[in-house]
Protein chains: 2
Amino acid sequence: MSLKHAILVSLAERPASGYELVSRFDRSIGYFWRASHQQMYRELPKLQTAGWVSAEDVPQSGKPDKRVYAITDAGRDALAKWLRAPVGPEPVRESLMVKVRGAAVLGADHVLPEIRRHRALHADKLALFRQIEREQFGDGAGDDATGRCRYLALRSGVLYHESWVRWCDEALVLLERV
Amino acid sequence: MSLKHAILVSLAERPASGYELVSRFDRSIGYFWRASHQQMYRELPKLQTAGWVSAEDVPQSGKPDKRVYAITDAGRDALAKWLRAPVGPEPVRESLMVKVRGAAVLGADHVLPEIRRHRALHADKLALFRQIEREQFGDGAGDDATGRCRYLALRSGVLYHESWVRWCDEALVLLERV
DNA sequence: GTTGACTATGCAACAAGGTGCATATAACGT
DNA sequence: ACGTTATATGCACCTTGTTGCATAGTCAAC
């Protein structure tokens with residue numbers, strides 16, 4: 001599983017406490033891999049036991065103390081190994097498509113509202129991503145590795161939501177008049 | 001969860017034994033929802049307890065006997081209710097993107113082979129789907145609900161793999177010369 | 001001084017999914 | 001007789017993910 005590896009990637013970028021990792025997973029990296037704080041706090045001790053991360057208690061003033069984790073050399077090795085390991089594409093799992101198939105039996109009107117809802121959700125995300133693309137990458141992907149990877153992440157989001165919006169449009173045309 | 005509902009959809013199309021359901025999940029409907037035979041045989045008694053399916057033992061000659069499940073009226077009601085229930089898009093979970101982000105730290109050369117591998121996999125699937133599209137839907141989606149839903153399923157596959165192939169191409173251009 | 005928001009960390013129970021193992025009937029080829 | 005393949009059904013264990021609950025420090029506002 002790759003929650004472990006997603007955490008390693010984030011810690012390789014910069015050491016962090018569990019709380020901070022959760023907030024990162026709520027934003028940037030969370031677009032590709034979700035994690036609740038309960039999962040996070042369960043996983044970090046396991047990574048420490050495996051020797052992939054080290055932990056240090058850091059007293060704070062004005063806030064509760066925190067435990068900061070950092071990736072170890074062994075962790076970096078494990079991460080590099082995982083990067084090269086062949087992992088199949090994530091198995092597709094689309095409940096909306098199951099619903100469409102159900103609609104073939106029970107009647108298309110059951111799912112039309114759902115398709116419209118999904119179209120709206122994807123269109124919103126798409127607009128947001130395109131705006132970020134214009135604002136931050138209007139003049140290209142940039143030269144440094146980090147910038148390019150951020151750009152590619154954004155592009156994957158754009159392409160993903162684009163194809164969903166298009167599919168919803170095709171589906172609505174085909175199913176609205178049956 | 002929607003394994004239950006995916007099974008209901010399949011049984012609404014036609015009654016089947018666990019074994020037959022597994023083979024359906026290995027082909028058509030399995031493109032949207034995967035299920036192992038262990039999952040299937042665990043789930044079917046639960047559906048029966050819930051009153052959503054009925055079971056009948058059918059003796060066979062030339063093969064082991066089988067237990068055939070059929071959807072009940074209560075099951076059809078539950079399915080119709082689920083079709084209308086708002087369900088969010090599946091949360092994105094892309095280990096390849098996590099790898100790309102890792103590559104920003106550890107070096108792009110670690111993931112280039114992976115991206116090429118994924119491109120090949122998606123391109124193969126895409127070619128297959130496009131061929132089916134030409135052969136079976138060359139003259140349009142058809143008039144009946146079932147045909148249109150099959151066409152839409154196919155279209156989602158085409159759009160999905162198309163956008164992946166495109167992303168891989170963009171990624172290779174950006175990452176190959178760093 | 002109490003309430004709410006933010007920071008910070010965790011446990012327990014349960015649901016879902018994956019892996020490995022186990023069993024049995026029956027046809028077919030060799 | 002013997003192994004192979006297809007049909008047919010299941011258990012046990014483990015990992016992963018979700019949900020609900022619990023605790024505690026600090027600050028600002030009221």
Side-chain angles (χ1 to χ4, degrees), chain A residues 1-8 10 15-27 29-30 32-50 53 55-69 82 87-95 98, chain B residues 1-8 10-11 15-27 29-30 32-50 53 55-69 82 87-88 90-95 98:
Chain A
M1 237 300 299
S2 43
L3 173 56
K4 284 184 176 59
H5 299 105
I7 295 174
L8 283 182
S10 201
S17 66
Y19 188 82
E20 201 183 330
L21 281 169
V22 169
S23 76
R24 287 188 202 168
F25 273 71
D26 279 341
R27 292 178 282 110
I29 200 173
F32 310 121
W33 211 272
R34 295 251 144 227
S36 63
H37 79 269
Q38 291 94 335
Q39 259 182 292
M40 192 63 76
Y41 288 119
R42 211 192 321 178
E43 215 61 35
L44 285 168
K46 289 185 190 172
L47 286 171
Q48 194 182 356
T49 303
V53 305
E56 189 194 358
D57 287 319
V58 175
Q60 295 190 115
S61 58
K63 295 183 212 173
D65 299 347
K66 63 182 174 180
R67 175 166 299 168
V68 173
Y69 293 88
W82 177 72
V87 172
E90 308 298 327
V92 177
R93 184 158 283 193
E94 288 298 342
S95 51
V98 177
Chain B
M1 234 300 295
S2 42
L3 173 57
K4 284 183 176 60
H5 299 105
I7 295 174
L8 283 182
S10 200
L11 290 180
S17 66
Y19 187 84
E20 200 182 330
L21 280 169
V22 169
S23 76
R24 287 189 202 166
F25 272 71
D26 279 341
R27 292 177 280 109
I29 200 172
F32 310 121
W33 211 273
R34 295 252 144 228
S36 62
H37 78 270
Q38 292 93 334
Q39 259 181 291
M40 191 63 77
Y41 287 119
R42 209 188 321 171
E43 215 59 35
L44 286 168
K46 289 185 191 174
L47 286 171
Q48 194 183 358
T49 304
V53 305
E56 189 193 359
D57 287 318
V58 175
Q60 295 190 113
S61 59
K63 296 182 213 174
D65 299 346
K66 64 181 174 179
R67 174 166 299 168
V68 173
Y69 293 88
W82 177 73
V87 172
E90 308 298 327
V92 177
R93 185 158 284 195
E94 287 297 343
S95 51
V98 176

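Note on naming: letters A, B, ... go to the chains in the order of the sequence lines (proteins, then strands), and numbering restarts at 1 for each one.
Side-chain contact between B:Val98 and A:Ser2 is absent, with no heavy-atom pair separated by less than 4.5 Å. You'll find the side chain of B:Phe25 reaches within 4.5 Å of the side chain of B:Met40, heavy atoms only. A heavy-atom distance below 4.5 Å is not found between the side chains of A:Asp57 and A:Lys66.
Minimum atom distance to the side chain of A:His37 is reached by D:dA22, of the listed D:dT9, C:dG18, D:dA22. In this structure, the nucleotide among C:dG17, D:dG20, C:dG20 sitting nearest to the side chain of B:Gln38 is C:dG20. Comparing C:dA22, C:dA16, D:dT18 against the side chain of B:Lys4 picks out C:dA16 as the nearest.
Judged purely by atom type and a 3.5 angstrom limit, B:Tyr41 uses its side chain to pair as donor or acceptor with the backbone of B:Tyr19. Side-chain atoms of A:Arg24 come within 3.5 Å of backbone atoms of A:Ser10 as a donor-acceptor pair (strictly under, hydrogens ignored).
Put simply, the side chain of B:Arg42 and the base of C:dG17 share a donor and an acceptor less than 3.5 Å apart. Contact annotation: side chain of B:Gln39 to base of C:dG18, donor-acceptor pair absent below 3.5 Å. For D:dT7, the base has no donor-acceptor partner in the side chain of B:Arg67 [N/O atoms by modelled type, under 3.5 angstrom].
When every heavy atom of A:Leu44 is checked against every heavy atom of A:Gly18, the shortest pair comes out as CD1-CA, 3.7 Å.
Note: CZ (B:Arg93) to P (C:dA16) measures 15 Å, nearest angstrom. At whole-Å resolution of the value, NE2 in A:His5 and P in D:dT16 are 10 Å apart. Rounded to whole Å, atom P of D:dC11 lies 15 Å from atom CE of B:Met40. In this structure, CH2 of B:Trp33 is placed 10 Å from P of C:dA16, rounded to the nearest angstrom. One interatomic measurement links the two molecules: CD of B:Glu20 to C1' of D:dT9, which rounds to 15 Å at whole-angstrom precision. As rounded to whole Å, 14 Å separates atom C1' of D:dG10 from atom CG of B:Asp57. Between A:Tyr41 atom OH and D:dT23 atom C1' the separation is 12 Å, expressed in whole Å. Following rounding to the nearest Å, B:Tyr19 (OH) and C:dT25 (P) show an atom-to-atom distance of 16 Å.
With respect to A:Ile7, the side-chain contact (heavy atoms from CB on, under 4.5 Å) criterion is satisfied by exactly one of A:Ile29, A:Val53, A:Leu47: A:Leu47.
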Got a list of protein N/O to nucleotides 26-28 of chain C N/O distances below 3.5 Å?
{"residue": "C:dA26", "atom": "O3'", "partner": "B:Gly62", "partner atom": "O", "Å": "3.2"}

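Looking at which nucleotide of DNA chain C each of A:Ser17 and B:Glu43 is closest to, the 5′-most match is held by A:Ser17.
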